[in-house]
Amino acid sequence: MADNLHPNTSPTNFVAGLPYDVLLEILRLLRPVDLLHLLSCSRSLSALVNEESTWRNLSTSYGLHDIEHFGGRSWFTIYTRLLLPYGPMLGLWAGDYPYTGGILDVRLHPGDRHTPGGIVIDAWQFRLLQPEDLDGPERPEPPIRTPRVRIDFSTASAPHEIPFVMCCCNKRLTPAPHAASIEVLSPTYQGHFLRTRQGTYSHPDFPSSQSHGWLDKSRYPHLRCRPSSVEDQTPQVSQLHPRIPIVFTAPTVYKKPTAISIHCRHGCVDRIRPFLGFDDVVPSAPRYYPLRHDVHPDLHPVSNDWHPRLLVGLWLGSHGPHGTECLYFDLDGTSSILRAWKITGDENVPRGALSWEVDTGVPYTMSQVPTCALEQGLDDLARYRLFGGTGTISARGYLPHQTQSTAVVLAVGEADTSKMIWVEMDECSAYQRYKVRSG
């Protein structure tokens, strides 16, 4: 662009002369350090610091419309110190805990009389099923959200100080809110393995070369990227014949993308991981990856305008005794195969594994519908689109010789609900599309 400027026109003056809406878009795309540098290069641009309307317009793109509870700070300070570096994180993040995975929900909190405005990071947990629950109909349940980390100005002693990252866990576990850190980590080959008495087995990469359609690379925070640690615990565990299988870390052949990690001296975020019946000796904190949020029109599956791509996105599904788990439905761009990848998992079929796949290009006919489908409440088959395929089942550990495929039928009866019939097992999994909560 500089090659086309008038000889007496500097790049900075050229930017300052751009239309207001174009200038806003440029400011929105800059990293914090680059934005502040640009504003200091020109008098006309530095004047923008005092134009609150500019920073308010940029802040509304993150959903912030009121700064009453931000301690009297300006729109400029809130945008440049809080929203610009941390705002891209808003949304869901998937963790690579072995087997179970985990989800963080990053949301904007405008504040109230008791709590300052800022960004809150909630951890998802699902209710543990009780024995009596297994006798009732299976249906996915909403997650229990527990605030774990806050990013706000509550401890800043000056109006222009940077926001403070702190853990806000249950006081029974930690004495008081305390300092935490959020790091952006470089790509890595690190992966997980399981060591048993019989040998060493690889754990599904997360993301993997096959399962990465759920990754949203546009949502990384504008923070300095740190090199990921390199660990190879193979020598320490290769000679062991453990009574309880051991999960350890070592490099794999697939390079995982950039991630974030959250740390504090009490290990608060790490403490919330679901129970795992294996010994976990991985020394590093989990990596979290941004989950894509897909928005589709509400079309009933029997509509002529309906297409299988409308199923793409994050779903909550009932998975027998394991309770509710999260899956990402992904449609192969080169075929008609719809795959359900586990974002959270269990000791049988873990996170990162393929739960099932169906061919949406070959709909089931009425004569092909298994008898068990009628027993699972699919009595009015004309209301459903049916697709056949295979599902994954496994014994505990997800070892190669324990993993099997079984026949399944996907029944799509509403825009946001579906059922998976496990034909040979005579069981049904119910799915509910995840929708971002309002407020």
Side-chain angles (χ1 to χ4, degrees), residues 20-32 35 48-49 51-94 103-124 142-154 156 159 162-166 168 180 182 184 214-223 260 262 288-298 313-314 326 416 433-439:
Y20 183 71
D21 58 339
V22 176
L23 180 59
L24 279 182
E25 189 61 29
I26 292 176
L27 297 180
R28 183 178 290 113
L29 295 175
L30 291 178
R31 296 182 304 159
L35 172 61
L48 286 174
V49 173
E51 291 189 15
E52 286 287 83
S53 61
T54 297
W55 310 109
R56 180 169 187 163
N57 288 338
L58 290 169
S59 299
T60 56
S61 66
Y62 291 102
L64 183 62
H65 304 281
D66 186 351
I67 58 173
E68 177 183 357
H69 301 289
F70 281 83
R73 290 170 178 80
S74 67
W75 284 100
F76 172 77
T77 297
I78 294 169
Y79 178 76
T80 57
R81 301 296 189 180
L82 178 69
L83 296 179
L84 185 54
Y86 297 104
M89 291 175 58
L90 297 178
L92 301 182
W93 291 73
I103 290 183
L104 297 179
D105 189 351
V106 184
R107 59 185 173 88
L108 182 67
H109 179 51
D112 51 40
R113 291 186 303 168
H114 308 289
T115 309
I119 290 175
V120 179
I121 302 179
D122 296 333
W124 276 22
I144 302 169
R145 297 175 172 88
T146 305
R148 290 290 172 175
V149 177
R150 289 189 58 85
I151 310 171
D152 59 36
F153 297 93
S154 59
I162 61 175
F164 185 67
V165 181
M166 62 182 176
C168 52
I182 298 175
V184 177
W214 51 267
L215 186 70
D216 185 355
K217 295 183 179 180
S218 68
R219 288 184 36 231
Y220 291 104
H222 293 147
L223 304 173
I260 66 168
I262 302 176
Y288 286 91
Y289 300 93
L291 267 170
R292 184 182 304 280
H293 175 54
D294 302 272
V295 179
H296 302 293
D298 290 332
L314 188 67
C326 301
D416 297 323
R433 186 191 303 274
Y434 172 75
K435 291 192 174 183
V436 176
R437 60 178 177 175
S438 59

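- Residues Phe164 and Ser154 fail the side-chain proximity criterion, which asks for heavy atoms closer than 4.5 Å.
- Here the side chains of Asp152 and Pro163 are not in contact, with every heavy-atom distance at 4.5 Å or above.
- Proximity of Thr115 to Val120: side-chain heavy atoms (C-beta onward) are nowhere separated by under 4.5 Å.
- Pro88 is listed as a side-chain neighbour of Tyr62, based on a closest heavy-atom distance under 4.5 Å.
- The shortest heavy-atom contact between Gly63 and Leu108 is C-CD2, 3.8 Å.
- Ring orientation note: the planes of Trp55 and Phe76 are nearly perpendicular, at an angle over 60° on the 30°/60° scale.
- For the side chain to side chain contact (heavy atoms under 4.5 Å, CB included) with Pro221, the qualifying choice from Leu90, Leu84, Ile260 is Ile260, the only one to do so.
- Of the inter-residue distances, the one linking Met166 atom CE with Ile151 atom CD1 reads 10.0 Å to the nearest 0.5 angstrom.
- Put simply, CZ on Phe153 and OG1 on Thr77 are 7.0 Å apart, with the number rounded to the nearest 0.5 Å.
- Listed here is the closest heavy atom pair of Asp298 and Lys435: OD1-NZ, 3.8 Å.
- Applying side chain to side chain contact (heavy atoms under 4.5 Å, CB included) to Ile103 and the options Tyr288, Trp124, Trp93 leaves one that passes, Trp124.
- Of the possible donor and acceptor atoms, one in the side chain of Arg219 sits under 3.5 Å from a partner among the backbone N and O of Leu92.
- Among residues two or more places apart in sequence or in another chain, the side-chain contact (heavy atoms from CB on, under 4.5 Å) test is passed with His293 by Val295, Val436.
- Every residue two or more places apart in sequence or in another chain was checked for a ring-ring contact (aromatic ring centres under 6.0 Å, His included) with Tyr289, and none qualifies.
- Residues Trp214 and Leu314 fail the side-chain proximity criterion, which asks for heavy atoms closer than 4.5 Å.
- For the residue pair Arg148 and Ala123, the shortest heavy atom distance occurs at CG-CB, 3.8 Å.
- Here the side chains of Arg107 and Pro147 are in contact, with some heavy-atom distance below 4.5 Å.
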Side chain to side chain contact (heavy atoms under 4.5 Å, CB included) evaluation trace for His109 with His69
CA-CA 10 Å; His109 179 51; His69 301 289; over 6 Å; no
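- Screening Ile119, Ile121, Leu104 for a side chain to side chain contact (heavy atoms under 4.5 Å, CB included) involving Met89 leaves a single residue, Ile121.
- Put simply, CG on Asp294 and NE2 on His296 are 4.5 Å apart, with the number rounded to the nearest 0.5 Å.
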Tyr86 vs Leu223, side chain to side chain contact (heavy atoms under 4.5 Å, CB included): CA-CA, chis, key distance, verdict
CA-CA 8 Å; Tyr86 297 104; Leu223 304 173; 3.9 Å; yes
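- Interatomic distance, CH2 of Trp75 versus CD of Glu52, reported as 8.5 Å (0.5 Å rounding).
- The two atoms that bring Gly118 and Leu82 nearest to each other are CA-CD2, 4.1 Å, heavy atoms only.
- One distance of note links CG of Leu64 with CG of Leu58; it measures 11.5 Å at 0.5 Å rounding.
- Using modelled atom types, no side-chain atom of Arg73 and backbone atom of Ile67 make a donor-acceptor pair closer than 3.5 Å.
- Put simply, OG1 on Thr146 and CG on Asp122 are 7.5 Å apart, with the number rounded to the nearest 0.5 Å.
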